[in-house]
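Okay, so here's the structure we're looking at.
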Amino acid sequence: MNLIDIESLNTKEIEDIILLASQFRSDVGGFNQELIYGDKKAALLFFEPSTRTKSSFQIALMNLGASYIDINPDTSSIVKGESVGDTIETLALMGVHLFIIRHSEPIISDLANQYPDLCFINAGAGAESHPTQALTDLLTIKEFNREISQMNISIIGHLDHSRVTKSFVELTKKLGCKTLRFSGLPELCTTFFDSNFGKFDPDMDSVIKDSDLVIGLRIQKERMQDILSIDHAEYVSKYQLTKERLKNAAENFLLFHPGPVNYGIEFNEEIASLENCKVSHQVANGVGLRMAVLAKLFSEQ
Ligand code: CP
């Protein structure tokens with residue numbers, strides 16, 4: 001089995017992953033070590049930068065007792081022209097059967113088809129998908145005893161290149177939500193104007209109104225070929241999330257951001273001290289969620 005995207009999971013599989021992650025929770029905070037996969041080996045291949053996803057996979061592997069190697073594409077034989085496929089075959093010959101891959105292109109489906117005896121986990125595919133982030137967000141929603149199907153959800157920011165948003169939208173298609181609304185600078189959200197799932201409105205304040213969950217996103221400069229000349233002051237005045245503007249959200253709303261947060265742009269500094277801000281919980285839950293995904297895949301190997 002692989003974890004390539006949310007679309008490929010059925011509702012029961014999603015619920016099972018969340019339940020397993022919850023069972024790994026420790027009574028004293030964090031997640032328990034369950035050293036049950038000492039015979040398993042994984043490889044991380046991150047072709048794009050990462051702090052949260054990569055580290056949480058590494059800690060999850062350690063918590064499960066599994067061994068892993070971290071292949072740095074810049075110092076591997078990939079720089080000598082070896083293909084990703086050949087790299088995977090080489091590592092498989094050494095006993096690695098699970099590959100955790102982040103890449104600027106959605107290559108993982110092809111790899112999974114090419115190597116049906118190996119396991120693949122998508123740790124972020126270009127602007128297309130980031131399924132373990134969406135599942136981590138679902139785990140965080142559950143941590144606060146909310147039901148995604150009962151929530152008004154708004155996603156604010158640079159939507160066009162957001163793999164986090166695409167996977168989260170897929171999750172709401174599977175599990176439902178009360179309403180799904182989007183807002184952001186229109187030039188950065190063009191593919192959401194006619195979204196047939198959720199409604200785009202450039203007026204952020206009306207989108208936030210009565211939201212039970214607000215998800216902020218950063219501007220992904222690295223994915224914009226032609227750097228738009230965004231007027232920083234205008235962006236902040238229209239789209240920065242502040243305590244004042246979030247007063248229109250529902251009572252006890254949750255505020256998420258997949259990170260890294262650019263304080264001073266999409267969030268102002270005071271946001272971190274808001275009780276509603278659950279960014280630190282999202283980061284911590286990344287470990288438990290990834291333990292659950294790994295345990296599921298290891299158990300099927
Ligand atoms: N949320 C997320 O993918 O963060 P990293 O890029 O730090 O892994």
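Quick caveat, the model's predicted, so the values are computed rather than measured. One-based numbering, in listed order, for ligands and for the atoms of each. We use all heavy atoms of the structure for the numbers below, so side chains are in, but hydrogens, waters and symmetry mates are not.
- Where the criterion is an N or O separation shorter than 3.5 Å, residue side chain and backbone included, Pro260 fails it with respect to ligand 1.
- Not a single N or O atom of Lys54, backbone or side chain, sits closer than 3.5 Å to an N or O atom of ligand 1.
- Nearest protein neighbour of atom 2 (C) of ligand 1, counting heavy atoms only, is Thr53 OG1, 3.5 Å.
- Taking every heavy atom of Thr51 and a limit of under 4.0 angstrom, the matching atoms of ligand 1 come to 5 (P), 7 (O), 8 (O).
- Listed here is the closest heavy atom pair of Pro258 and Gly216: CD-O, 3.3 Å.
- Of all the heavy atoms in Ala295 and Tyr37, the pair that sits closest is O-OH, 3.4 Å.
- For the side-chain hydrogen bond (donor to acceptor under 3.5 Å, both in side chains) test, residues two or more places apart in sequence or in another chain that qualify with Glu266 are His257.
- At a threshold of 4.0 Å, the pair Asp16-Lys12 counts as salt-bridged, since one of the basic side-chain nitrogens sits closer than that to a carboxylate oxygen.
- Pairing each heavy atom of Glu244 with each of Lys247, the nearest pair is OE1-NZ, 2.9 Å.
- Lys174 and Glu170 are not joined by a salt bridge, as no carboxylate oxygen comes within less than 4.0 angstrom of a charged side-chain nitrogen.
- Under 4.0 Å is where a charged nitrogen must lie from a carboxylate oxygen, and between Asp212 and Lys178 no such pair does.
- The shortest heavy-atom distance from Gln282 to ligand 1 is not under 4.0 Å.
- Contact annotation for Arg163 and ligand 1: no heavy atom of the residue comes within less than 4.0 Å of the ligand.
- Arg102 counts as a contact of ligand 1, since one of its heavy atoms falls under 4.0 Å from the ligand.
- Among protein heavy atoms, the minimum distance from atom 1 (N) of ligand 1 is reached at Pro258 O, 2.8 Å.
- Distances below 4.0 Å separate heavy atoms of Gly259 from the following atoms of ligand 1: 1 (N), 4 (O).
- Here the protein heavy atom with the shortest distance to atom 7 (O) of ligand 1 is Arg52 NH1, 2.7 Å.
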